[in-house]
Amino acid sequence: MESQNLTQNSISNAVKSALIFLGTGCSNTVPFGLCLVQPSDPPCHVCYQALSVPPEQNPNYRCNTSLLIDYCESDEKHSYILIDIGKTFREQVLRWFTFHKIPRLDSIILSHEHADAVLGLDDIRAVLPFSPTNNIDPIPIYLSQFTMESVAMRFPYLTKKNLREGQKIRRVAAQLDWNIIEEDCQRPFVASGVKFVPLPVMHGEGYICLGFLFGEKSRVAYISDVSRIPASTEYVISKAGAGQLDLLILDASRKYGLPGAHFTLSQSLEAVKRLYPKQALFTGMGHELDHYKDNEFLAEWSKREGILVQLAHDGLRIPIDM
């Protein structure tokens, strides 16, 4: 697939690290099943195109939102850090792990406990080493206490449990190391050698989701599910606050409609104008957004506002100097 024309100033032969978009769709994914089984008149153009063209050739085909960080240290050792592991994780492994030659996962970070961010945990065993005695190093997972409690209820066989006296540990193929992180911009954590700053945002009023700021040479903020960015978080990632981002990856779920649990396209653009990153990519799109038509609109917006903004797509790989 053709790469979008982003982060071009930082791309060079020396750049080894990269961001890989495993999924850029909403929870329902695209194509949306209802558009196919109960088609409208005229039918949904985006969903029908997504069905009729092979997904690897079609940027309107979107799995659940997920980002893979391929971090290359100075000694050329690669670490693979996954942000969110949703309902479509198995499909993403088959399509993009193989395409980009991703051999494993080293760490997982969860933004929140909704189905499109965590339900792929059951499939994690597909990309972890197997040992009949499970004498393998566990993979660390970083998540908030609230998310941990929800995950423990859904996946008791993957989480640690208090054992009764004399009870043997029941082994499963996946060995996971659960690490609680704070919903606080002042409490960073390190995953596979990369420092992450939690970015609490509202995902519908009364519900906190985490975005993440990372990168030393290039500052990247990833905010996949948001309806409002609190002032304290906005300060950390704005040019007028703690410093300009090199890349902002931001939720843009719908094209139209009243404000809800996700930014609409117009809200995302307003946020980009306030934060003023050097460049921005939108993710989490539903079927209202057409990759080709809306990127034409965003190209005109970018010229007018002086900030390069585009829709991301599944499989997109962005080389970045971290």
Side-chain angles (χ1 to χ4, degrees), residues 23-29 32 62 64-67 82-88 108-121 141-156 159 178-189 196-214 221-238 241-242 245 248-275 280 282-289:
T24 57
C26 60
S27 181
N28 286 330
T29 71
F32 182 41
R62 303 177 182 123
N64 290 152
T65 301
S66 182
L67 182 74
L82 179 69
I83 302 181
D84 287 338
I85 181 167
K87 298 177 289 183
T88 56
I108 299 172
I109 302 171
L110 300 180
S111 63
H112 63 309
E113 45 78 52
H114 286 171
D116 57 337
V118 306
L119 283 193
L121 282 168
I141 300 182
Y142 301 87
L143 69 174
S144 70
Q145 181 62 45
F146 180 80
T147 300
M148 179 75 250
E149 292 170 1
S150 175
V151 167
M153 292 181 63
R154 290 171 170 175
F155 301 101
T159 55
W178 303 92
N179 299 269
I180 302 301
I181 60 176
E182 301 295 328
E183 298 173 341
D184 187 342
C185 296
Q186 304 302 317
R187 302 296 297 274
F189 63 97
F196 292 85
V197 176
L199 301 172
V201 297
M202 305 312 298
H203 181 22
E205 288 306 309
Y207 186 92
I208 295 175
C209 180
L210 291 178
F212 302 97
L213 172 67
F214 58 92
Y222 180 77
I223 303 175
S224 61
D225 296 77
V226 58
S227 59
R228 180 171 64 83
I229 304 176
S232 57
T233 296
E234 192 162 300
Y235 174 85
V236 175
I237 56 175
S238 66
L245 294 171
L248 171 64
I249 301 168
L250 187 63
D251 182 16
S253 178
R254 294 173 293 127
K255 194 169 183 178
Y256 309 108
L258 297 173
H262 295 268
F263 274 171
T264 61
L265 182 61
S266 61
Q267 288 176 300
S268 300
L269 290 172
E270 286 300 316
V272 168
K273 289 172 66 174
R274 291 195 312 273
L275 299 174
F282 290 156
T283 191
M285 290 82 67
H287 63 162
E288 292 178 0
L289 287 136

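Bear in mind the structure is a predicted one, so any value in this text is a computation, not a measurement. Hydrogens, waters and symmetry mates are skipped; everything else that's a heavy atom, side chains included, is used.
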Between the OH atom in Y222 and the CG atom in L248, the distance rounded to the nearest 0.5 Å is 11.5 Å
T147 meets the side chain to side chain contact (heavy atoms under 4.5 Å, CB included) criterion, sequence neighbours left out, with L110, E113, L143, S144, V151
Separation between NZ (K273) and CD (E270), nearest 0.5 Å, reads 4.5 Å
Residues at least two apart in sequence or cross-chain that pass side chain to side chain donor-acceptor pair (under 3.5 Å) with E205, listed by chain then number, are R228
Contacts of S232 meeting side chain to side chain donor-acceptor pair (under 3.5 Å) (sequence neighbours excluded), chain-then-number -> none
Between Q186 and D184, the two heavy atoms sitting closest are N-OD1, 2.8 Å
The ring-ring contact (aromatic ring centres under 6.0 Å, His included) partners of F196 (sequence neighbours excluded) come to F189, F214
Looking only at heavy atoms, the pair that brings K87 and A115 closest together is CG-O, 3.6 Å
Distance col, row I108:CD1 vs W178:CH2, nearest 0.5 angstrom, shows 7.5 Å
Whether T233 side chain and P200 backbone form a donor-acceptor pair below 3.5 Å: yes
Salt bridge (Lys or Arg N to Asp or Glu O under 4.0 Å) filter on E234, not counting sequence neighbours, yields R274
Sorted by chain and residue number, the side chain to side chain contact (heavy atoms under 4.5 Å, CB included) partners of C209 (sequence neighbours excluded) come out as S111, H112, V201, H203, D225
In short, salt bridge (charged side-chain N to carboxylate O under 4.0 Å, His left out) pairs touching residues 249-259 with sequence neighbours left out are K255-D294
In short, S227 meets G260 closest at the heavy-atom pair CB-O, 3.0 Å
T24 meets the side chain to side chain contact (heavy atoms under 4.5 Å, CB included) criterion, sequence neighbours left out, with F21, R62, T283, M285, A312, D314
dist I249:CD1 -> L67:CG (nearest 0.5 Å) comes out at 5.0 Å
So CG of D116 and CG of D84: to nearest 0.5 Å the spacing works out to 7.5 Å
When every non-hydrogen atom of S27 is compared with those of N64, the smallest separation belongs to O-ND2, 3.2 Å
Residue pairs passing the salt bridge (charged side-chain N to carboxylate O under 4.0 Å, His left out) test with at least one member in residues 143-156, sequence neighbours excluded, are none
So CG of L289 and OH of Y256: to nearest 0.5 Å the spacing works out to 8.5 Å
Taken in chain and number order and not counting sequence neighbours, the residues that satisfy side chain to side chain donor-acceptor pair (under 3.5 Å) with S238 are none
Counting C-beta onward and ignoring hydrogens, is there a side-chain heavy-atom pair between I181 and R187 closer than 4.5 Å?
no
Sequence neighbours excluded, the answer for side chain to side chain contact (heavy atoms under 4.5 Å, CB included) partners of S268 is L250, A252, F263, F282
Shortest non-hydrogen pair, I237 vs A221, comes out as CG2-CB, 4.0 Å
Do S66 side-chain atoms and I83 backbone N/O form a donor-acceptor pair below 3.5 Å? yes
F155 meets the ring-ring contact (aromatic ring centres under 6.0 Å, His included) criterion, sequence neighbours left out, with none
